Amino acid sequence: MTASSAASLSVVGVGIDGRLLNRSASLVSASGAAAVETVATGDEARSQVAAADCLVTTYRLPDTDGVTLIEEIRAEYPNFPVIMVTEQSDDRVASEAISAGVTDYVRRDGDDPAVRLATAIEDGVDAYESEQALRESEQRYRTLVERSHDGIYIYQDDSFLFVNERIAEITGYEPEQLYEMEIWDLLHPDDREWVKEVGERRRDPGESAPNTYEARVVRNDGEIRHLEFSVQTTTYDGEAAVLGSVRDVTERRRQERELAEKKEFIETILDTLEDVIFVFSLEGDLLRWNDQLCAVTGYTDEELDEMRAFDLLPEEYYDEAVRKVRDAVSTGSAVIEAEVRTKDGRLLPFEFRGAPLSDEDGEIDAIAGVARDISERLAREEELVQYQTIVEAVGDAVYTLDETGEITFVNDALLSVTGYEEEELLGEFVGKVMRQQDVETARELIGELLESEERTRATFEMEAIGKDGTHLTCEDNMALLVSDGEFRGTAGVVRDISQRKEREQQLRRQNERLDRFASVVSHDLRNPLNVILGRVDIARDRPGEEHLDAIERSALRMERMIDDLLTLARDGQTVGETEPIDLESAVRRAWKNVETYEASLHLDGDLGTLPADSARLASLLENLFRNAVEHGGETVSVTVGPISDPESVADGGHGVSGFYVEDDGPGIPESERDHVFDSGYSTSDEGTGLGLVIVKDIAEAHDWTLRVTDGSNGAGGGSANDRSESSGGARFEIGGIDWSDH
């Protein structure tokens, strides 16, 4: 704003003639709207300065002098316009006022002092306002420069004249350090010479040089940064200088470098992939492809550049391919299996997967995709079908597990064995159909196979658990599943070996019986035979009735041994079809079939009905009765009764777990009870040593338990554990019976 154009002007006068001041102010303000205020003292004048445009004072004031007032105002307002008016010429006052910083000095003597005062006021106010505007502009520019994201600098003769804070941040040097350095000290050694050359060309009017370029600088901490320089010629203090701005583009260069590396990496990967990568426009023109497309089709890049995508397909696939392109555009993806026709006419099966590509405006303008040769996959699928057919036809149960033991495949045979449906097993842990101890065995074998360099399969026996809780003895032929050198799980073929195990057990029992036969024939039968032969020799020399009696006894013993051997040979440890048998009736029939002399039979309570092989149960009872008579004497008392067990539920909750056969004979010493069921064991001269062996075999064949303990003189049954005192005799307890009725 200039005084001549101001809408209003505020002038404060102190110690001056008001008429002079008003007239001068009216000459300054064209509109006559100047505001003039006169005050009497220096203190009043100082208080008005902040709201005024100019101060007019005289030298002599009631409370101070004009020079002192100027000094005080200058201390707070360095550039505020202050005009001094004096009555006469006084060089001393003028000198002091000028030294104090007066804006202008006007004397009242001479022609028209009001005009001169108006000029002084106008010039002072104009100068003040111009300076204020300049300072504000400078402050704005300085703020912009200092706060600029770019570094701003001026240099002259290779030295910095000005740097903003951003230059210090970029270089890591303090401004004071930069002012003492040459600009070239900041440049990377490899960039100094060519940057100097650019500067020399720019100074030569006949040369053209870029005003913008990139170069590297070395920070104070040694870090290398990439900067973009923009320079232009300017003047500084009237001499030529260079004004420059720099922008740190290190991150941009890093991103560009990474982008270039990624692009190169992706292109390298795409060209090394076995899959075909392609891009074609919606019009069908091939836009991009990797090297594999050339390798597969036999066409060169130049030939493919002239072709359309559908040119690679037989015509019968066109319609479906068009539909798939539309699907990709509408849904975002599409898959098609089609054949590719090569340059030499071969047809190769491929799977194509495509997705739409959009331009910068978001409009779909192309399809990108991957094509994979599925020749091997189709061959594997055909082979897999063959394997699946074999697996289902083989008859054995087959499964596969992943590396965590979860079931991933089962065939119909395994479902038949376990009773589960396929969906009930897939994804389940194998422990659902296998005992925990078998799972641990399998884990140990897997560990051994993984450590072995030769073995990849192993066989172990396990029990398959059916859905209904039944257990089936099986043999698991297990093999490792390995892919790309990594353990992926196991496969197994499970075979029911329950019949084989039963045959093995039968064979083992047969071998045991053969051993018994050999023992009896070689030893037990030889003893009575030796007696017979010895008696015959004696009878020849000394005939007598007693020899015939001894021969008869030995012959009868041999006959009983032969009968027992025949029993073992015929039946072994097998049972025929079981049926409900009334135990009391069976006991009475068996008692009648044994030579019991004067022995007595007692039944202690309701014996109930049990499932058994009738003939084998009769043989068991007969041998127990015969054993009691042989060892207890012809007057022995034999008792048969139920075994009470309150905790037993085998008989439907009636508290009966089995039955016992007890006599009141001499009993069996505790030290010999572990041997009474051994072949050939007998404490009677009349015994064959095979009767209790037969009893044991029959009990085991029925899955019953057999126990020998003290008798109780026919005192009755009761729990085997609740007899507090024993009074002799032998007691055989048969337990573990699945009672069907009681």
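Every heavy atom of this structure was used, including side-chain atoms; hydrogens, water molecules and symmetry mates were not. As the structure is a computational prediction, the values presented were derived from the model and not from experiment.
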[X]: partners by side-chain hydrogen bond (donor to acceptor under 3.5 Å, both in side chains), with sequence neighbours left out:
{"X": "K432", "result": "none"}
{"X": "R257", "result": "none"}
{"X": "D703", "result": "none"}
{"X": "D582", "result": "S585"}

Heavy-atom side-chain proximity of [X] to [Y] below 4.5 angstrom:
{"X": "V693", "Y": "N623", "result": "no"}
{"X": "V410", "Y": "V398", "result": "no"}
{"X": "W289", "Y": "L304", "result": "yes"}
{"X": "D373", "Y": "V296", "result": "no"}
{"X": "L286", "Y": "D305", "result": "no"}
{"X": "E475", "Y": "N477", "result": "yes"}
{"X": "L449", "Y": "F487", "result": "no"}
{"X": "Y399", "Y": "L425", "result": "no"}

Is the backbone of [Y] close enough, under 3.5 Å, to the side chain of [X] for a donor and an acceptor to pair up by distance?
{"X": "D710", "Y": "E670", "result": "no"}
{"X": "H702", "Y": "P611", "result": "no"}
{"X": "S498", "Y": "L472", "result": "no"}

Does the pair L706 and I734 meet the rule for a side chain to side chain contact (heavy atoms under 4.5 Å, CB included), with working shown?
-> CA-CA 5 Å; L706 180 62; I734 296 89; 4.0 Å; yes
Single hit among L445, T441, L401, V493 for side chain to side chain contact (heavy atoms under 4.5 Å, CB included) with M478 = L445
Under the ring pair (Phe, Tyr, Trp, His ring centres under 6.0 Å) test, which residues partner F280, sequence neighbours left out?
-> F278
Test side chain to side chain donor-acceptor pair (under 3.5 Å), reference R495, set D396, D476, T459, output is D396
Of the non-hydrogen atoms in [X] and [Y], which two are nearest, and what is the gap between them?
{"X": "A586", "Y": "I581", "value": "CB-CG2, 4.0 Å"}
{"X": "D301", "Y": "C294", "value": "OD1-SG, 2.9 Å"}
{"X": "Y299", "Y": "E303", "value": "CA-OE1, 3.4 Å"}
{"X": "L282", "Y": "A366", "value": "CG-N, 4.1 Å"}
{"X": "A328", "Y": "G354", "value": "CB-O, 4.2 Å"}

Is Q499 atom CD crowded by more than 12 heavy atoms from other residues, nucleotides or ligands, each under 6.0 Å away?
-> no
Atom CZ of R372: over 12 foreign heavy atoms under 6.0 Å | no
Provide the full list of salt bridge (Lys or Arg N to Asp or Glu O under 4.0 Å) pairs with a residue in residues 402-411, sequence neighbours left out, each pair given once.
-> none
Which salt bridge (Lys or Arg N to Asp or Glu O under 4.0 Å) pairs, counting each pair once, include a residue from residues 436-446, with sequence neighbours left out?
-> R435-D438, E440-R443
Separation of W704 CH2 from L620 CG (nearest 0.5 Å) | 6.5 Å
Just jot down the side-chain contact (heavy atoms from CB on, under 4.5 Å) partners of I374, sequence neighbours excluded, or say none.
-> E337, P349, E351, R377, L378
Apply side-chain contact (heavy atoms from CB on, under 4.5 Å) to T400 and list each qualifying residue two or more places apart in sequence or on a separate chain.
-> T408, F409, L481, A491
Cut-off 3.5 Å, no hydrogens considered: what does the side-chain donor-acceptor table look like for residues 415-423, sequence neighbours left out?
{"unit_1": "T418", "atom_1": "OG1", "unit_2": "L414", "atom_2": "O", "d": "3.0"}
{"unit_1": "T418", "atom_1": "OG1", "unit_2": "Y420", "atom_2": "N", "d": "3.4"}

Let me check something: any side-chain donor-acceptor pairs from residues 312-327 under 3.5 Å, sequence neighbours excluded? List them with distances.
{"unit_1": "Y318", "atom_1": "OH", "unit_2": "F310", "atom_2": "O", "d": "3.3"}
{"unit_1": "K324", "atom_1": "NZ", "unit_2": "V335", "atom_2": "O", "d": "3.4"}

Pairwise side chain to side chain donor-acceptor pair (under 3.5 Å) hits with a residue in residues 446-458, at least two apart | none
